[in-house]
Protein chains: 2
Amino acid sequence: MPQEGESFKVTPWKVEGKVDYDRLIEIFGTSRIDDPLRERLRKVLGNDLHPLLSRGIYYSHRDLPWILDQYEKGNPFFLYTGRGPSGDVHLSHLIPFEFCAYLQRKLDVDLWIQITDDEKFLFKRDLSLEDATKLGMENLLDLLAPGFDPRRVHILFDTVSIRTLYPLALEVARRVTYSTARAVFGFSAENNIGSIFYTALQSVPAFLPSRKEGRAVPCLIPCGIDQDPHFRITRDVAEPLGFPKPALVHNLLVPSLLGNGKMSSSSDATEGAIYLKDSPEDVQRKISHGFTGGRATVEEQRRLGATPEVCSVWALWRSRFAEKESEFAEITQDCRSGALMCGECKARLIPRVQKFLEEHQTRREGVRAWVSQTIVDAH
Amino acid sequence: MPQEGESFKVTPWKVEGKVDYDRLIEIFGTSRIDDPLRERLRKVLGNDLHPLLSRGIYYSHRDLPWILDQYEKGNPFFLYTGRGPSGDVHLSHLIPFEFCAYLQRKLDVDLWIQITDDEKFLFKRDLSLEDATKLGMENLLDLLAPGFDPRRVHILFDTVSIRTLYPLALEVARRVTYSTARAVFGFSAENNIGSIFYTALQSVPAFLPSRKEGRAVPCLIPCGIDQDPHFRITRDVAEPLGFPKPALVHNLLVPSLLGNGKMSSSSDATEGAIYLKDSPEDVQRKISHGFTGGRATVEEQRRLGATPEVCSVWALWRSRFAEKESEFAEITQDCRSGALMCGECKARLIPRVQKFLEEHQTRREGVRAWVSQTIVDAH
């Protein structure tokens with residue numbers, strides 16, 4: 001965590017301050033998803049790139065061109081993403097899963113999902129393990145709602161699938177010193193011994209398909225940039241253990257509607273995030289109060305325009321609610337020019353979000369029939 | 001590990017120097033098994049106390065009187081012991097298992113055994129996990145050969161039983177800081193993160209029966225005194241987690257036949273230990289070369305006598321090969337007086353050990369039929 005002297009701090013468990021995402025690429029040593037790479041992605045994925053790619057929410061990567069090389073050579077990758085179940089799922093948590101659903105539809109690839117109930121128990125003093133496990137089971141319905149091929153989904157639910165996970169976690173753990181974990185995560189001597197070990201578990205899904213198949217199966221991990229430290233460790237131990245280094249694509253963290261840090265279910269600020277189970281009234285209230293990039297007065301905003309880049313409402317349009325690129329471009333331009341007032345923008349967005357959540361609930365119930373069949377070691 | 005300034009060092013993974021067992025009681029803060037306590041044990045166990053008790057090999061304890069109180073009140077305890085499978089089993093490893101077999105015969109109590117293949121993999125760079133697991137399975141046949149009631153044996157084999165072990169290990173781990181683990185075990189920043197976490201696993205069997213039965217089931221742990229640091233942690237976290245503190249009885253570590261440190265399969269010095277699979281020729285050779293407490297010349301020894309307390313051959317008589325107390329007293333006295341020469345003593349011992357190993361092999365094969373039935377989660 002070499003973030004000393006920065007005005008923000010990003011770890012897998014906490015994001016503080018206003019994150020400078022460009023700076024984070026330098027600090028973490030990742031690569032930007034630039035225009036030439038986006039062009040290459042269009043060749044593989046089609047011209048209608050997913051908004052998460054075309055609008056730069058997936059903005060950083062490690063070894064993404066290598067994954068595309070492998071795919072084009074006929075050695076398809078698998079996807080790996082996950083969630084630590086510390087509360088209900090909100091819109092931001094859905095991003096990697098929507099992205100994986102898109103990649104699976106386009107490329108017919110397998111998806112491995114890790115649910116880290118152990119992690120959340122170890123890092124949150126006020127959460128019981130029983131509750132973390134229950135939350136994980138409930139969360140899965142939300143996370144799978146974007147639409148997956150059940151035959152190509154494999155869930156590693158840490159406390160359930162531990163017999164499959166543990167041997168490889170031991171192999172990882174033997175190669176990671178406390179000194180390394182401390183440097184990567186910023187641990188102190190007061191961290192508990194489970195929290196120090198935990199990262200070994202998060203490496204396992206990147207290696208498991210290679211171990212099972214007895215050959216090098218490339219892995220692509222879509223995740224929030226805050227999770228990158230875990231996978232630096234994964235990449236460091238991969239080759240000594242005989243596995244290919246996993247590639248990553250990193251998304252920006254969706255800003256809180258309250259205008260502070262990332263949208264998080266972990267803070268008390270439930271008003272800062274739209275939860276997938278929120279009622280139409282919740283959506284109305286939260287977006288109406290949402291932090292924007294507007295000016296102090298209507299007159300000033302008409303004259304000078306607003307700043308979409310700092311606006312939590314614009315971030316929602318950007319992530320999924322502007323369906324067409326033309327609409328997203330128009331909203332952005334009208335915001336910047338002063339043609340679109342924040343109240344009007346919010347009033348347009350609210351029914352979109354309400355409709356999305358309503359449809360999500362239906363999709364979510366459709367998952368219930370098959371989800372438990374895909375949990376490794378559950379039966 | 002507050003052993004600075006001592007001429008020896010005892011950790012669960014390494015014993016260095018000549019151990020002062022009396023001093024170890026002070027350093028570890030345990031209690032001596034003294035004559036009044038032995039008298040009380042006779043009341044519960046019968047007058048024919050096991051040689052391991054009557055000859056002071058079980059010499060230290062924590063809360064043993066409490067366990068006897070509980071037993072007498074009709075709240076019987078269960079036994080918990082274990083082994084880290086880093087090689088073949090030798091006579092010293094058998095001590096806690098022989099002691100448990102005796103207690104089970106006398107008191108009809110359950111035995112929980114932990115086989116820590118994960119631990120040995122994490123602490124030994126040259127051991128593969130696969131080999132550790134295989135060794136564990138083979139070791140079990142030896143360890144169970146002393147004779148147990150199969151219906152009252154429960155084996156927690158770490159990589160096999162991890163789904164049962166892991167949730168409780170997480171509960172333990174959340175309550176143990178790195179700072180504590182470092183102080184108890186003497187870890188450095190170069191220890192791997194698995195080795196730091198591992199102790200949480202070793203606490204679990206002490207709590208599992210209470211968790212399963214939903215009531216406080218007392219636990220007695222017979223183990224080598226070198227394992228005490230793990231159980232200091234177990235005892236520290238017990239009450240906050242709602243479990244009774246386990247009691248312990250500690251045995252001395254059997255000295256190497258080479259006269260240095262404890263009898264260990266971990267060192268290259270296979271000549272220092274009698275393995276349960278040793279041939280009659282191995283036994284002959286190893287004991288013939290065994291380090292003794294004898295004098296430089298026969299004449300001197302006749303005149304001054306020898307010193308049984310430092311003799312690795314006397315330690316074998318003491319641990320199990322002098323079957324009757326009268327014989328043990330006679331050997332000890334004749335050694336000290338100079339009536340018994342080392343060569344003669346060894347010549348008497350060798351056929352006893354050869355016979356023991358031969359009978360052991362038969363008992364060992366008898367275990368094969370049922371051992372796998374007692375491994376938790378194996379089926």
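Any value given below was found using the heavy atoms of this structure, including those in side chains, with hydrogens, waters and symmetry copies removed. Each chain gets a letter, A, B and so on, in the order the sequences are listed, and its residues count up from 1.
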Against chain A, label [X] side chain, backbone, both or neither, depending on which of its atoms sit under 4.5 Å from a heavy atom there.
X: B:Leu129; value: side chain
X: B:Thr159; value: both
X: B:Leu201; value: side chain

Side chain, backbone, both or neither of A:Glu171 within contact of chain B (heavy atoms, under 4.5 Å): both
Proximal component of A:Val160, with respect to chain B [non-hydrogen, under 4.5 Å]: both
Please name the pair of heavy atoms, one in [X] and one in [Y], separated by the smallest distance, quoted to 0.1 Å.
X: A:Ala378; Y: B:Arg163; answer: CA-NH1, 4.3 Å
X: B:Thr177; Y: A:Ala189; answer: CB-O, 3.6 Å
X: B:Ile193; Y: A:Ala181; answer: CG2-CB, 4.0 Å
X: B:Glu190; Y: A:Ser179; answer: OE2-CB, 3.4 Å

Student check: side-chain heavy atoms of A:Tyr178 and B:Tyr178 closer than 4.5 Å: yes
B:Asn192 and A:Val176, any side-chain heavy atoms less than 4.5 Å apart: no
Residues, nucleotides or ligands: over 12 heavy atoms within 6.0 Å of B:Arg151 CZ: no
Atom CD of B:Gln373: over 12 foreign heavy atoms under 6.0 Å: yes
Top contributor to chain B interface from [options] [non-hydrogen pairs under 4.5 Å]:
options: A:Asp158, A:Asn191, A:Thr180, A:Val172; value: A:Asn191
options: A:Thr199, A:Leu170, A:Ile196, A:Asp377; value: A:Leu170
options: A:Thr133, A:Ile162, A:Asp118, A:Leu165; value: A:Ile162

Backbone of B:Lys124 reached by a side-chain donor or acceptor of A:Arg174 within 3.5 Å: yes
Parallel, tilted or perpendicular: rings of A:Tyr166 and B:Tyr166 (30°, 60°): tilted
